[in-house]
Amino acid sequence: MGNRYLEIFCREAEEHLASLQSGLLVLEKNPARTDLLHELLRNAHTLKGSARMVGLADISAITHTMEEQLKGMESGERKVDARGIDLLLRGADAVALITSALMRGEKPELDVERFVAEYDRGELGQQLHTEPRESQPEAALADTVRADVKTLDHLVNLVGELIINKKRLESKLDRLKEITGALPAGHVTELAAFRGELEEDVLYLDYLIQELHAKAMGLRMLPLRTISDGLERLVRDLAQQLGREVRFQIVGQAIEMDRVLLDGLKPILIHLLTNALSHGIESPEARAAAGKPRQGAVLLSARHQGNSVLVEVRDDGRGMDPAGIKTAAVARGVLDPREAEALSDDEALYLTFRPGFSTADIVTDVSGRGVGMDVVKKNIERVKGSVTLASVPGSFTQVTLQLPLTLSVLDALIVACGGETFAIPTTYLQEIVKVRASEIDTLGSGEVIKVRGATTPLYSLPGMLGLTDRREAGDLTLSAVVLKHCDQRIACIVDAHLGYSEVVVKGLGKQFRNVRFLFGATIMGDGNPALILNVPDLFESGRGVRRATLSAEEAQAAQRRLKVLVVDDSITTRTMEQSILVSQGYAVVTAVSGEDALEKSAQEQFDLVISDVEMPGINGFELTRALRASEQYRDIPVIIVSSLSRDEDKRQALQAGAQAYIVKGAFDQGLLLETVQMLIG
């Protein structure tokens, strides 16, 4: 284990231990605080998982005993009394003793085996001699301070306000130029001089704001290595588990991105790397037989491209087979044979983004979670990125993610549309084109144009957004934007292009979270707001879909907490999953059987369903199929949590329409929460 991993773990452990020690003292005085008990359980559990990740078996063993004790308290089997608290504090002391010794590069003075044995018997046992952490050098304390993340976010938000007000000042300066130009010659000189001085002031203000913005963003920017350190261990362990020989390389770890984007990127990379090893890299024997080196190569690279970051995951494995993907798509009823025949090989690759789609003969879900590529695509869209696929059968697969540096400020094209002003993130913009009516053809029931020789669907952006759509008769030139998303291109007619601008993203508020087509809003230089379009929604909407204005019912729905239906005949599992989800802010309803779940799902709308498989009456697979068959739950995510761990069971779950599969044997609350957050946020 490298020192880097050890340092990261010890920093994390320090925070969890501090939370445990302070929380236990509060719990002792408030034994009925179940919410605090859950929090302490999470601390111990996370500490155990992290210790396992870095191979610290002693800490893992101690935190496991603490976790068991806390679970006992949670279930009521153990009392929350002074002795119980003493034991837990002693466990925290033992972990602190070990981490402190590790940081000094020394061997801990603790017989862990004896300690755990005594702990299990409820004995306080060995006297621990924990040492206070040495004070940091005064100079180091003077160089760094710890800042709350919310404070940093607020600082960035305030800088955004400055940028908006600077734009307003620039707009007023333009107006002053117009006034100066319209005045009689005798009155111009003094005003022109004043205008010149004001221009210099605004220019200097612009410089200062740019500097301030860069510094403020720098506080939130973190290098890719922040999340990539654990990936090396992940690939190593997966390779051993799958019997692969893999050379994993990371290039561009110093590339910095917004912390919020990095948080969203990590689960995506975990999934892509898992896919690369389980579906891409062949066994050493198969590679040798194919004339390849026994050792496969997986490369994770990141680099800047304009104001974006390109992140690529490439493996030299078996590649993706377009013919096999088409066959699977036809077999699953995603396409009919004629549509499949019309797809190019490149287009066929993107069928893997369809919900529940898999061509794998065996679901090698080594992580215990069968989240599909459709969820990866949704998560990329959530961080305003795009994804492209490239593959040659038998040679390689490459997944390229294009992500903005930050979600706080975006480069956008400003367009006028239906009497409103909209901002289109340039991440999705291919080009601006002028189209004559005579250049528009009809294909099927829709209009198309040729863009660089490619037939491209043409839509009216006002029509898609439900705004006034007026197209002048005759062969006048129309303005259109060509948008790209995955392998798709569409052209949208707009009233006018108003130029490119750096826009400060303002959230729309929770009450608008279900509104389609919109990602946020910004304030333009003239002080008027402009809505920022969520381009993936445009691709999904197609022609003639009206903008989803917020009805009273939808507004009410948006304001409520996300609701999860937990279905399990085991009260322990139901209680545990419910506790985990409720502690994270979800509203949870439980059902004791599939029949009970169908009845409750018919009575109210849930955002997610978590179901066991083996239950009295209809099982989890049948329940999932029944939900998928209903209009109300056709697109609602379903997670299967089961003790069944066979690949056949996982495959059945995916075929039934589930989007994730968690094996109870590998179950932990972090995995469940991570999966839930990936699916519904």
Side-chain angles (χ1 to χ4, degrees), residues 1-29 31 36-134 233 237 240 572 576 665-670:
M1 180 181 62
N3 288 335
R4 185 173 51 189
Y5 298 122
L6 183 60
E7 289 175 8
I8 292 172
F9 170 78
C10 288
R11 282 201 299 271
E12 181 186 5
E14 187 179 1
E15 294 182 3
H16 285 299
L17 287 172
S19 180
L20 274 168
Q21 300 210 35
S22 60
L24 287 170
L25 296 177
V26 176
L27 184 66
E28 186 175 23
K29 298 175 183 174
L36 181 57
L37 199 52
H38 295 324
E39 184 66 31
L40 296 172
L41 188 54
R42 278 200 301 278
N43 286 133
H45 187 85
T46 305
L47 203 50
K48 182 182 76 173
S50 299
R52 284 181 175 173
M53 282 289 288
V54 294
L56 296 174
D58 288 349
I59 293 181
S60 175
I62 294 170
T63 48
H64 177 73
T65 59
M66 295 175 66
E67 188 182 12
E68 290 300 306
Q69 187 178 353
L70 285 164
K71 283 180 179 176
M73 290 178 171
E74 183 186 44
S75 64
E77 296 173 0
R78 292 173 184 259
K79 289 184 179 179
V80 183
D81 54 15
R83 183 164 185 80
I85 296 297
D86 281 344
L87 268 175
L88 288 164
L89 286 172
R90 188 60 60 91
D93 287 344
V95 175
L97 186 148
I98 295 175
T99 54
S100 178
L102 289 172
M103 288 297 287
R104 294 195 303 270
E106 300 172 357
K107 186 177 179 181
E109 296 180 0
L110 178 67
D111 184 341
V112 174
E113 189 174 346
R114 177 185 154 201
F115 179 87
V116 171
E118 293 171 344
Y119 200 102
D120 285 340
R121 294 195 297 269
E123 300 171 2
L124 293 177
Q126 302 173 64
Q127 186 65 38
L128 304 178
H129 300 285
T130 56
E131 297 177 2
R133 290 174 57 84
E134 293 181 4
R233 179 64 185 270
D237 290 350
Q240 286 185 348
T572 303
M576 190 167 92
F667 177 81
D668 65 48
Q669 61 177 7

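Below, all heavy atoms of this structure are taken into account, side chains as well, without hydrogens, waters or symmetry copies. Computed from a predicted structure; not experimentally measured.
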Taking every non-hydrogen atom, the tightest pair across [X] and [Y]:
{"X": "Ala92", "Y": "Gln21", "result": "CB-CG, 4.1 Å"}
{"X": "Ala94", "Y": "Leu110", "result": "CB-CD2, 3.9 Å"}
{"X": "Thr99", "Y": "Ala13", "result": "CG2-CB, 4.1 Å"}
{"X": "Met73", "Y": "Lys79", "result": "CE-O, 3.6 Å"}

Check whether any side-chain heavy atom of [X] sits under 4.5 Å from a side-chain heavy atom of [Y], and report yes or no.
{"X": "His16", "Y": "Val95", "value": "no"}
{"X": "Ile62", "Y": "Leu97", "value": "no"}
{"X": "Lys29", "Y": "Leu25", "value": "no"}

Practice item. Taking atom CD of Glu106 as the centre, report whether more than 12 heavy atoms of other residues, nucleotides or ligands fall under 6.0 Å from it. Key: yes
Looking at [atom1] of [X] and [atom2] of [Y], how far apart are the two atoms once the value is rounded to the nearest 0.5 Å?
{"X": "Leu102", "Y": "Leu56", "atom1": "CG", "atom2": "CG", "result": "6.0 Å"}
{"X": "Gln69", "Y": "Leu40", "atom1": "CD", "atom2": "CG", "result": "11.0 Å"}
{"X": "His64", "Y": "Tyr119", "atom1": "NE2", "atom2": "OH", "result": "11.5 Å"}
{"X": "Ser22", "Y": "Leu27", "atom1": "OG", "atom2": "CG", "result": "11.0 Å"}
{"X": "Asp93", "Y": "Ile98", "atom1": "CG", "atom2": "CD1", "result": "11.5 Å"}
{"X": "Asp81", "Y": "Glu28", "atom1": "CG", "atom2": "CD", "result": "8.5 Å"}

Practice item. Kindly indicate, with the supporting measurements, whether the criterion side-chain contact (heavy atoms from CB on, under 4.5 Å) is fulfilled by Leu20 and Met66. Key: CA-CA 10 Å; Leu20 274 168; Met66 295 175 66; 4.0 Å; yes
Check your understanding: Is there a side-chain contact (heavy atoms from CB on, under 4.5 Å) between Leu36 and Val80 once you walk through the steps?
Key -> CA-CA 12 Å; Leu36 181 57; Val80 183; over 6 Å; no
